[in-house]
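Comments concern the structure below.
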Amino acid sequence: MKPTTGATLLVDSLVKQGASTIFGVPGESYLAVLDAMHDAPSLRYVNARQEGGAAMMADAHAKLTGGVGICMVTRGPGATNASAGVHVAFQDSTPMILFIGQVARDQIEREAFQEIDYRRMFGQMAKWVAQIDDAARVPEFIARAYRTALSGRPGPVVLALPEDMLTDEVTAPAQLPAKATPADSAPSQQAIDQLKSMLGTSQRPFMIVGGGGWSQAAREAVTQFAETNAIPVGVSFRCQDYFPNTHPNYAGHVGIGIDPALAKRVKESDLLLVLGARLGEITTSGYSLLDCPVPAQPLIHIHADPEELGRVYSPTLAIAARHETMALTLASLGTVRQDKTMDWVRDIHAGYDDFFAIPPKKNPGMVQMAEVMKHIDAHTPDNVVYTNGAGNYAIWVHRFLTYGAWRTQLAPTSGSMGYGLPAAVAASVEDPSRTVICFAGDGCFQMTCQEFATATQEGAPIKVIVVNNSMYGTIRMHQERHYPARVSGTNLSNPDFAAMARAMGGLGETVSETSQFPDAFARMMAHDGPSLIEIRIDPQALTPAKSLDEIRDGG
C-alpha cells in the first residue's frame, strides 16, 4: 500500500471500470484529475468547445459502445451547460456519468464562486446524484456509479468532486472494485407461459421494440423470434437500427411522422408485445395510438424498470426483465404461433416499402429532399453511422434512409436540438474507420456548431449536412397551424455555413438544386477530414407531404 490522491484514485478507478474516452471542457476545479490523466495513457480526453456538447458526446459514445459515457466539467456554468446532455441521457435511458468539479469542502453552503447544490439541481434528471467528500471512498463511489448507470433502466449519474478532496492524500486500497456489469432481471416461468399462451392464439400480433440497454445480441435474438413466429416488428422513436430495415418482418418507424397506414395496422392488431419501449407520448402519437389507459387489444409490456409497467397503459401481462435477457429468452422459445398468418406480415412490410419510396408529389423549390436522401442511402456503406438532432429536416432522415446494421442511428429520443454534431464527433472518435454523417437543420446546427472545431482538432472526419430553410421549421409548422400567418420569433438570419466549415479547417460546399448534390456528396465522401454541405431549401418545403402554405391553410 502507498499514498495516493483522490484524483489519482478516480483515474485508476475509471481505468479499472474500462473507461477509454472522457469528453469534457477543462476547469480549474478539477485540474488535479487532468494532471492524474497525464499518467494514464489509456484514457483519451476529448476537449469539447461547450459542456452541453461534451455531455451529448458522452451520451452518443455510450449508445455506440454499449458502455458508460464519461463527461467531466467544471462547477457552476460548466455544470448547467452540461445539463442539456444529462437530460438527453435520462430520457434516452443512456448510461452516463457526469463528473463536476466542486468548490472546496470548507466553502460549501457559503455560495462560493460558482457553487451549486448538485443534488437539488440534477435530482429529477439523474438516477443518482452524490458528492464524494472522502477521497478514500472514491473507488466505492465510482463502482456504484457504473452499476447504477447500467442497471435496470439505464441512465445518467452525477458525481460532484470537491477540488480539495481531489488533492487529499490517502492510502491506496489493495484492490479496486471489479468492473461493474448491469444487474440482471429475468422473467418468471409463469410469465413466460402466459406470454406463450397469449401469443399462440393471436392472429394479428404486433411487436414494438425500443428503449435503452440493447445490444447486437438482443437485436439478433428479436429478429430470430419475429422470423420464427411471423410477427411484424415496429421500432419506437429513433430506434430504427434495433431491427434490420430490409427484413421482411420490419414494419417501420412508430413515432413522430408515423405512416398513417402503419398506425392503422397497430390499432388493428389483436396483441401488442412491447419490449423496452416506454410507451410514452412520442411512441404513442400523443397517447392516441392506443386506447388510454386500457388498450383495446391485450398488451404484453416488458421493461427493465418495474415502475414503467403500468405508468400510463395498463398491461394484460407486465414483465420486469432486462431487455437483452428477455430478447434472448424470446429467441429460445422457438415456434409459439402454430397458425402463423404470413399475409399480415407481408401486408405490413409492403406498407413500409410504399412509405419508404419517393412520394409522387414534389416539394416546393429546387431541392427535393427525398431524392437527396435516396442518393445518400444508395452511396453509403452498410455500417454508416447517421446522427441527427431535432427539427423538421429529421422527417426525411427517419423516413427515407435505411438503417441496416446495429448502431447506425444516433439521435435523441428526448428531441434535443444540437445533438447530431456532438454525436457525430463521438462516433468518429470511437471508430474513425466508419463513415459518420450528421444531419442538422440551420437552427439545430447552430446550437452546437462550435463542435465542428472539435472534430478538426481530434482528426474526426465527420460529414455534416445542414438543411437550411432560414427558420425554426418545427416551431414554425406548429405556429402556422395554431396561429396562421402570424409569424413571430421563428425566422433565422443565418451565416454562410460552408464558409464557417472552411474557417474551422474543414471542407465546405453549398447546394441549392437537387442536381448539384451528387457531385458535392462525392467530394464530401472523398475528403479525409471534417466536411459540410449546406443545402438551401425552399421554406415552403416544410414536410414531405405538406408545404408551409398548406399547413397554414389547415391542410
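Numbers here simply count residues along the sequence, with the first being 1.
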- prompt: Could you state the interatomic distance from CG (L421) to CG (N388), rounded to the nearest 0.5 Å?
  reply: 12.0 Å
- prompt: Could you go step by step and tell me if Y403 and Y386 meet the ring-ring contact (aromatic ring centres under 6.0 Å, His included) rule?
  reply: CA-CA 9 Å; Y403 298 88; Y386 294 123; 5.7 Å; yes
task: Grab the two heavy atoms, one from G443 and one from Y472, that are nearest each other, plus how far apart they are.
output: CA-CE2, 3.8 Å
message: Given 3.5 Å as the limit, does a donor-acceptor pair link the side chain of Q368 with the main chain of K362, or not?
response: no
field: Q409 (side chain) donor-acceptor with Q240 (main chain) under 3.5 angstrom
entry: yes
- request: Compare every heavy atom of Q446 with every heavy atom of N494, then report the nearest pair and how far apart it is.
  value: OD1-NE2, 2.8 Å
task: Dump the intermediate steps for side chain to side chain donor-acceptor pair (under 3.5 Å) on N245 and T402, then the final yes or no.
output: CA-CA 6 Å; N245 293 187; T402 303; 5.6 Å; no
E111, CD: over 12 other non-hydrogen atoms inside 6.0 angstrom: no
statement: Nearest heavy-atom approach of I395 to P544 is CG2-CD, 3.5 Å
message: Between K463 and T435 (side chain of the first, backbone of the second, donor and acceptor by atom type, cut-off under 3.5 Å), is there such a pair?
response: no
task: Determine yes or no for a side-chain-to-main-chain donor-acceptor pair under 3.5 angstrom, with T490 supplying the side chain and R476 the backbone.
output: no
task: Only one of L290, D291, L272 passes side-chain contact (heavy atoms from CB on, under 4.5 Å) with Y313; say which it is.
output: L290
task: Just do the salt bridge (charged side-chain N to carboxylate O under 4.0 Å, His left out) check on K63 and D59 with the steps written out, would you?
output: CA-CA 6 Å; K63 284 186 172 83; D59 173 273; 2.4 Å; yes
- request: Measure up the H247 and F243 rings against each other and bin them: parallel (under 30°), tilted (30 to 60°), perpendicular (over 60°).
  value: perpendicular
message: Show the nearest heavy-atom pair for residues R219 and Y242, with the distance to one decimal.
response: CG-O, 3.1 Å
task: Determine the minimum heavy-atom distance between A60 and A426, stating which atoms define it.
output: CB-CB, 4.0 Å
- request: For the pair S488 and Y483, evaluate side chain to side chain donor-acceptor pair (under 3.5 Å) and give the outcome as yes or no after the intermediate values.
  value: CA-CA 10 Å; S488 175; Y483 306 97; over 6 Å; no
task: Mind running ring-ring contact (aromatic ring centres under 6.0 Å, His included) on H349 and Y352 for me, showing each step along the way?
output: CA-CA 5 Å; H349 185 73; Y352 162 73; 5.7 Å; yes
- prompt: Does the side-chain contact (heavy atoms from CB on, under 4.5 Å) test come out yes or no for M121 and V158, once each step is laid out?
  reply: CA-CA 10 Å; M121 175 183 167; V158 178; over 6 Å; no
query: Which is it for F23 and H61 under the ring-ring contact (aromatic ring centres under 6.0 Å, His included) test, yes or no, and what are the steps along the way?
result: CA-CA 9 Å; F23 303 92; H61 184 264; 5.6 Å; yes
query: Between E480, Q479, R481, which is the residue that forms a side-chain contact (heavy atoms from CB on, under 4.5 Å) with M477?
result: R481
query: Tell me, do V209 and W214 make a side-chain contact under 4.5 Å, heavy atoms counted?
result: yes
query: Could K374 and E371 be called an ion pair, given the rule that one side-chain N must be under 4.0 Å from one carboxylate O?
result: no
statement: Between the NE2 atom in H87 and the OG atom in S416, the distance rounded to the nearest 0.5 Å is 8.5 Å
- prompt: For A460 and V425, which heavy atoms make the closest approach, and how far apart are they?
  reply: CB-O, 4.5 Å
field: Evaluation steps, ring-ring contact (aromatic ring centres under 6.0 Å, His included), between Y30 and F99
entry: CA-CA 9 Å; Y30 73 97; F99 293 98; 9.2 Å; no
H323 (side chain) donor-acceptor with L275 (main chain) under 3.5 angstrom: no
field: Side-chain heavy atoms of V68 within contact of L150, under 4.5 Å
entry: yes
query: Counting N and O atoms only, with roles assigned by atom type, does the side chain of H301 sit under 3.5 Å from a partner on the main chain of A277, one being a donor and the other an acceptor?
result: yes
message: Main chain of E534, side chain of T510: is a donor-acceptor contact present, judged purely on distance under 3.5 Å?
response: no
field: Matching residue for S93 among H303, R153, R278, E308 - test: side chain to side chain donor-acceptor pair (under 3.5 Å)
entry: R153
message: If the threshold is 4.0 Å, N to carboxylate O, is there a salt bridge linking E458 and R44?
response: yes
- prompt: Which word best sums up how the rings of F237 and H253 line up, parallel for under 30°, tilted for 30 to 60°, or perpendicular for over 60°?
  reply: parallel
- request: Give a yes or no answer on whether the side chain of E281 reaches the backbone of Y287 with a donor-acceptor pair at less than 3.5 Å.
  value: no
task: Give, for atom NE2 of H478 and atom CD1 of I551, the distance between the pair rounded to the nearest 0.5 Å.
output: 9.5 Å
task: Look at the aromatic rings of H375 and F517 and report parallel, tilted or perpendicular, splitting at 30° and 60°.
output: perpendicular
field: Exam field: side chain Q50 to backbone G52, donor-acceptor pair closer than 3.5 Å
entry: yes
